[in-house]
Novice: 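Okay, here's the structure, questions in a sec.
Treat the numbers as computed from the prediction; the structure is a model and nothing was measured. Just so it is clear, the values below take in all heavy atoms, side chains as well, and ignore hydrogens, waters and symmetry mates.
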Number of protein chains: 2
Amino acid sequence: MTTEEKIFEAAFKVFQNKGFMGARMQEIADEAGINKAMLHYFFRSKEKLFEAVFMNAFGKLAPQINEIFNSDDDLFEKIRKFTASYITFVIEYPFLPQFIIQEMNNNPDFVEKFLKEEQRPNPIKLVKQIERAIELGEIMPLSPKQLLLDIFSMTVFPFAAQTLVKGIIAISDDEFIALMEARKVHISTQIINAIQKG
Amino acid sequence: MTTEEKIFEAAFKVFQNKGFMGARMQEIADEAGINKAMLHYFFRSKEKLFEAVFMNAFGKLAPQINEIFNSDDDLFEKIRKFTASYITFVIEYPFLPQFIIQEMNNNPDFVEKFLKEEQRPNPIKLVKQIERAIELGEIMPLSPKQLLLDIFSMTVFPFAAQTLVKGIIAISDDEFIALMEARKVHISTQIINAIQKG
DNA sequence: ACCTTTGCTAACCAAATGGTTAAACTTAAT
DNA sequence: ATTAAGTTTAACCATTTGGTTAGCAAAGGT
């Protein structure tokens, strides 16, 4: 593994745990087992290093989401696939959602920067699909945006608010993962039950 | 308004915007329009000041939640009341959820500190109520914890991930509030549709 | 009038932090 | 073997940061 990769991985870890403000360049260097000056040698500044890490993190999630948004599956199938595959993915990177959400909240200007990108998750196809399903009478009439929010909320929230959730419903890390595994089918079942006609 | 109150409000504002790590004592002092030494005069340290602010923030939310958890209402009524009153409350303090979630995630040890408190939201009564409703055949069989998570997710997530949500579904602050207003009844409708039998 | 307490300020301090520099080491091409 | 480029280190720097101190001013009790 090259020094640059070591730095990147260390930075990923530290930024995820402490956030941009909480992260210390020295800690990243220690974590990578190299001299602090190397951080600046490979990535000019803390901002630049963070940007690299953040973009990479977001770049992992975005295609996951986009693939579902834009697939040709039937609406129900899409919902089933999305919740399942998203949770599978996030169980591997449990801190990605809270990391992304936190940094976006702390730096709203930063948001625009990558919302212009090609990779940017764009739900318009899914929204149209929902509208069509309503017209066809396949599902109850509702606001597509609300439905989108429902799906995202149920899927992402438990990871974003991990510590709070574990604390309030009083479960261990292992129990949390088990709960999330079960959630893969629970969420789509709930949502489809709610919107399905008849 | 006393100096202490001025400090507290300024701290509340700054901590909420920047988080514990991002907040600067000088900025709090400036915001309060007083000398930095006064912060330490009234609240020994940054940690203590933060703790005061955080506990106050959490203390605002907890009773809201607990009241619903422990009321004697029927399950469906409880769900309706909770989503509506929680959203009403949070629209007034839109940054409270993300603040609490962020600081808990960044400082998991801190969690235990107040999860011992009397005020601590405790869902066991509601969980039993859900179990009973299942036994009575009023709702479909499901895991009470999942249902709890569903309710919380749908209610809290849009506020916790505010910046991301506004960015992805491309809406303004005003539209966001309107969407949340509509959500007061949307959420309970969806959930009740999903779990109700027949 | 005198003293004690409380609120407040300006100046100061030590530690931490992001960043730089100059020199040394490594590698591979000439 | 020499050179040139890239890599790595230790020491250093300027600034920021949380926190302290000594002294002033006002208020209130005696």
Side-chain angles (χ1 to χ4, degrees), chain A residues 1-57 95 99-100 102-110 113, chain B residues 1-57 99-100 102-110 113-114:
Chain A
M1 188 165 47
T2 72
T3 301
E4 188 170 350
E5 287 167 343
K6 276 192 242 167
I7 293 175
F8 190 88
E9 284 191 20
F12 198 99
K13 199 168 167 181
V14 175
F15 278 133
Q16 222 169 259
N17 288 335
K18 310 280 177 83
F20 175 73
M21 275 302 190
R24 299 291 157 232
M25 293 298 265
Q26 187 59 58
E27 191 182 345
I28 295 175
D30 292 347
E31 178 74 35
I34 48 98
N35 190 289
K36 181 163 68 84
M38 295 307 287
L39 303 186
H40 294 93
Y41 180 74
F42 286 107
F43 306 82
R44 293 169 45 86
S45 69
K46 191 184 181 186
E47 271 83 9
K48 289 268 200 296
L49 177 54
F50 175 79
E51 213 176 295
V53 167
F54 185 89
M55 288 304 185
N56 178 274
F95 300 105
F99 172 63
I100 291 172
Q102 172 169 162
E103 299 307 326
M104 288 185 71
N105 279 336
N106 281 304
N107 209 341
D109 330 317
F110 191 61
K113 210 169 194 171
Chain B
M1 189 164 50
T2 73
T3 301
E4 189 170 349
E5 287 167 342
K6 276 191 242 167
I7 293 175
F8 190 87
E9 284 191 17
F12 198 97
K13 199 169 167 182
V14 175
F15 279 133
Q16 223 169 262
N17 288 335
K18 310 280 179 84
F20 175 74
M21 275 301 189
R24 299 293 159 232
M25 294 299 265
Q26 188 59 57
E27 191 182 346
I28 296 175
D30 293 346
E31 177 75 36
I34 48 100
N35 191 290
K36 180 164 68 86
M38 295 308 288
L39 304 185
H40 295 93
Y41 180 73
F42 286 107
F43 307 82
R44 292 169 44 88
S45 69
K46 190 185 181 184
E47 270 82 10
K48 290 268 200 298
L49 176 55
F50 175 79
E51 211 176 296
V53 167
F54 185 89
M55 288 305 186
N56 178 274
F99 172 62
I100 291 173
Q102 172 170 162
E103 297 308 326
M104 289 184 72
N105 280 336
N106 285 168
N107 209 344
D109 330 318
F110 190 61
K113 211 168 192 171
F114 63 81

Novice: Check the distance between C:dA16's P and A:Asp30's CG and give it to me in whole angstrom.
Specialist: 14 Å
Novice: Please report, rounded to the nearest Å, how far the C1' atom of C:dT17 is from the CD atom of A:Glu27.
Specialist: 13 Å
Novice: Are B:Phe42 and B:Phe8 close enough that their ring centres sit under 6.0 Å apart?
Specialist: no
Novice: What is the first contacted nucleotide of DNA chain D and what is the last, in 5' to 3' order, if contact means an atom lying under 4.0 angstrom from a heavy atom of chain A?
Specialist: D:dG6 to D:dA10
Novice: Please pick, from C:dC8, C:dT17, C:dG19, the nucleotide with the shortest atom-to-atom distance to any side-chain atom of A:Arg24.
Specialist: C:dT17
Novice: Could you give the distance from CG (B:Asn105) to CG (A:Asn17), rounded to the nearest 0.5 Å?
Specialist: 10.5 Å
Novice: Rounded off to whole Å, could you give me the CE-to-C1' distance for the B:Met38 and C:dT6 pair?
Specialist: 9 Å
Novice: Taking the side chain as every heavy atom from C-beta outward, state whether B:Asn107 and B:Phe20 have any pair of such atoms under 4.5 Å apart.
Specialist: no
Novice: Suppose we call two aromatic rings close when their centres sit under 6.0 Å apart. Are A:Phe50 and A:Phe15 close by that rule?
Specialist: yes
Novice: Can you check the A:Gln26 CD to C:dT20 C1' distance for me, whole Å?
Specialist: 15 Å
Novice: When you measure only distances, ignoring hydrogens and angles, does the side chain of A:Lys46 come within 3.5 Å of the base of C:dG19 through a donor and an acceptor?
Specialist: no
Novice: Would you find a donor on one side and an acceptor on the other, under 3.5 Å apart, between the side chain of B:Lys36 and the backbone of B:Ile28?
Specialist: no
Novice: Nearest whole Å is fine: how far is C:dT20 C1' from A:Phe42 CZ?
Specialist: 17 Å
Novice: Just checking A:Ala29: base, sugar-phosphate only, or nothing, at a heavy-atom cut-off of under 4.0 Å?
Specialist: nothing
Novice: Roughly, in whole Å, what's the span from NE2 in B:His40 to C1' in C:dC8?
Specialist: 15 Å
Novice: Just how far, in rounded Å, is P of C:dT17 from CG of A:Leu39?
Specialist: 14 Å
Novice: Round to the nearest Å and state the distance from B:Phe43 atom CZ to C:dC8 atom P.
Specialist: 13 Å
Novice: Reckon A:Met25 touches a base, only the sugar-phosphate, or nothing at all at heavy-atom distances under 4.0 Å?
Specialist: sugar-phosphate
Novice: Do A:Met38 and A:Lys6 have side chains that get closer than 4.5 Å, going by heavy atoms?
Specialist: no
Novice: Would you call A:Lys18 and A:Glu27 a salt bridge, taking side-chain N to carboxylate O under 4.0 Å as the test?
Specialist: yes
